Engineer: 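To start, I am sharing the structure in question, which I have written as structure tokens.
On a predicted model such as this, the values are computed, not experimentally measured, just so you know. Chain A is the first sequence line, chain B the second, and so forth, proteins listed ahead of strands; every chain is numbered from 1.
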Protein chains: 2
Amino acid sequence: MRDSTGSGADPAAGRGRAALIEGGVEFDGRDAALLRAVDAAGSVAGAAEALGRSRARALTRIETLEEAYGTLVERRRGGEGGGGSRLAPSARDLLDRYDRLQAVLAATASVPETVLRGTVEAIDGEIAVVDTPVGELSGLHGGAGGEGNDGGDGGDGAAVAVGDAVQVRIGADAVTVNDAANAVDPDATSARNRLDGRVSEIDSGETVSTVRIEVEPADGKETSDVGAVDVAALITAESVDRLGLAPGDPVSIRWKATATRLVAQTGRR
Amino acid sequence: MRDSTGSGADPAAGRGRAALIEGGVEFDGRDAALLRAVDAAGSVAGAAEALGRSRARALTRIETLEEAYGTLVERRRGGEGGGGSRLAPSARDLLDRYDRLQAVLAATASVPETVLRGTVEAIDGEIAVVDTPVGELSGLHGGAGGEGNDGGDGGDGAAVAVGDAVQVRIGADAVTVNDAANAVDPDATSARNRLDGRVSEIDSGETVSTVRIEVEPADGKETSDVGAVDVAALITAESVDRLGLAPGDPVSIRWKATATRLVAQTGRR
DNA sequence: CACCGTTGTATCTATGCCGATACAACGACG
DNA sequence: CGTCGTTGTATCGGCATAGATACAACGGTG
């Protein structure tokens, strides 16, 4: 493990950590902090002091980053004030990109998710159909993103084949809730996965609520076999009001196949 | 930056790397590979050899991980075959969790996204309303889902205030496309953000297509000021057919506020 | 009881990153 | 022309992690 989390000032608060990788060089939170400090101080020297880091190291780190990501800091020595450094536009783009990645990661850690287990029924390009306790669902399998990994792990990678046991991950923020009575014409939308169920629980936040919907098992599966299946949906409190949701209400939920991730399941023995 | 739509141009280079963090200990791809190798070999010694790593280090690494994540490997010395090790159930859960995180990360790197820039108009709990070139949009900011904070980097991290410049990130997999003529009753769904536009481009994959929709600027904004705004939507090729989409067609797009992330924008000078 | 291969444990060394320090080069400004 | 604070560059030691090696402990099996 070569990452630079060494110093005690590590986040450790989030449940995950992300880093961009390009040209074999990782861009992580420490690098982001460095660039931001350069932006604030107007010089690499000032940034290093503000962060309590070595100035020489900060400079070489910036050079390492620039070898992989292109010009990031416009440095100028001599002149007014002895010189100084400014962020290049591409550095701001990189920071924004990193922030978005971090935001997505923080979201996946904090937003509820529903994980169903099933077996792959069919594969058609990037989409696979999975048989789950609540019926057939379709979603994207790994091929969509290559293997964003370092030193090849297990080799389980992205490959998914018919018959494999997989996890079906559905982010609560991808699930839309519809009034069961006022069902949307399925031909008018691009959201394909659709289930009926009843509201089992509403966890109200300030302006966002997590609604859990108990879904009936598909034909041929006994409730006793699979237990109750709850799908979480994250919707605004306003929407809860507008739809007049309360525990026990019948609802129809819907989410896009392209917002559904299929992940190989670690073999159980 | 006058280009308000983000990384459609982003080459497939933008890879990321993820790690789980618990108790100050990171669980990354290297650790995942180790656990999987233990599962395959039936012993830590065999796993270390298969990976070309030091056996002693592998053992101490597993102990370090177990201090943070609980029992992961059931080790037994002596006996048949001299002993051996098996993965504990919690280790399989951890691997599954890591795989899901990795899948989400890989997806954010490979799925198109739309990034709009705007200023925060109002904040109400976890939801904020942002004024963008295409009108007001609402989305989740910072600590979505009541998570504490991401701690570490930058310092400007999660906090968003009224008047701040922010990026509005909309994953293409969160956008649903509706037939403009056959508009959905807005009261029947929990998807709030809604825009009208015309299909500008369809990038057909094998079974999944990226559709770009050109959206008209909101009232009071000139097209010449903001340029064309394209929103990307990832939908199945089947849905493209079903909706009969072709460039120039008027469509209505819609996505949930809870699937929209607000990220502070790095200051430009 | 000896054998076997594994789990534990300890120690030494190699490596890589970081901080610390020192010094040269630079160029506007007074 | 000297001052100033910065950017470059080089070197040293500290520290954490990994590999290499060695040896004891363990407990079925023959």
Engineer: Do A/Val130 and A/Leu116 have side chains that get closer than 4.5 Å, going by heavy atoms?
Structural biologist: no
Engineer: Write down the distance between CZ (B/Arg77) and C1' (D/dG28), rounded to a whole number of angstrom.
Structural biologist: 14 Å
Engineer: With a 4.0 Å cut-off on N to O distance, would you call A/Glu66 and A/Arg75 a salt bridge?
Structural biologist: yes
Engineer: Only one of B/Leu72, B/Val73, B/Ile62 clears side-chain contact (heavy atoms from CB on, under 4.5 Å) with B/Leu34; which?
Structural biologist: B/Ile62
Engineer: Calculate the interatomic distance between A/Glu63 atom CD and D/dT7 atom P; express it in whole Å.
Structural biologist: 12 Å
Engineer: How do A/Gly84 and B/Gly82 order along DNA chain D: which one's closest nucleotide is nearer the 5' end?
Structural biologist: A/Gly84
Engineer: Could you state the CD-C1' distance from A/Glu26 to C/dG16, rounded to the nearest angstrom?
Structural biologist: 15 Å
Engineer: D/dG19, C/dT7, D/dT6: which one has an atom nearest the side-chain heavy atoms of B/Val44?
Structural biologist: C/dT7
Engineer: Given atom CD of B/Glu80 and atom C1' of C/dT6, what is their separation to the nearest angstrom?
Structural biologist: 12 Å
Engineer: To the nearest angstrom, how far is A/Leu34 atom CG from C/dC18 atom P?
Structural biologist: 11 Å
Engineer: Return the residues of residues 51-59 of chain A meeting this criterion: a heavy atom under 4.0 Å from some atom of DNA chain C. Order them by number, or give none.
Structural biologist: A/Arg53, A/Ser54, A/Arg55, A/Ala56, A/Arg57
Engineer: Closer to the 5' end of DNA chain C via nearest nucleotide, is it A/Arg76 or B/Arg75?
Structural biologist: B/Arg75
Engineer: Once you round it to whole Å, what is the distance between P of C/dG16 and CZ of A/Arg61?
Structural biologist: 15 Å
Engineer: Could you check whether any side-chain heavy atom of A/Leu20 comes within less than 4.5 Å of a side-chain heavy atom of A/Tyr69, counting everything from C-beta outward?
Structural biologist: yes
Engineer: Report yes if a side-chain nitrogen or oxygen of B/Ser85 is closer than 4.0 Å to either non-bridging phosphate oxygen (OP1 or OP2) of C/dT7; otherwise report no.
Structural biologist: yes
Engineer: Rounded to whole angstroms, how far apart are CD on B/Glu74 and P on C/dG8?
Structural biologist: 12 Å
Engineer: Can you give me the closest heavy-atom contact between A/Asp96 and B/Ala264, atom names plus distance?
Structural biologist: OD1-O, 4.4 Å
Engineer: Counting side-chain heavy atoms from C-beta on, which of D/dA18, C/dC18, D/dT7 comes nearest to A/Arg30?
Structural biologist: C/dC18
Engineer: When you compare the side chain of A/Arg92 with that of A/Asp39, does any pair of heavy atoms fall below 4.5 Å?
Structural biologist: yes
Engineer: Can you find a heavy atom in the side chain of A/Arg100 that is under 4.5 Å from one in the side chain of A/Val104?
Structural biologist: no
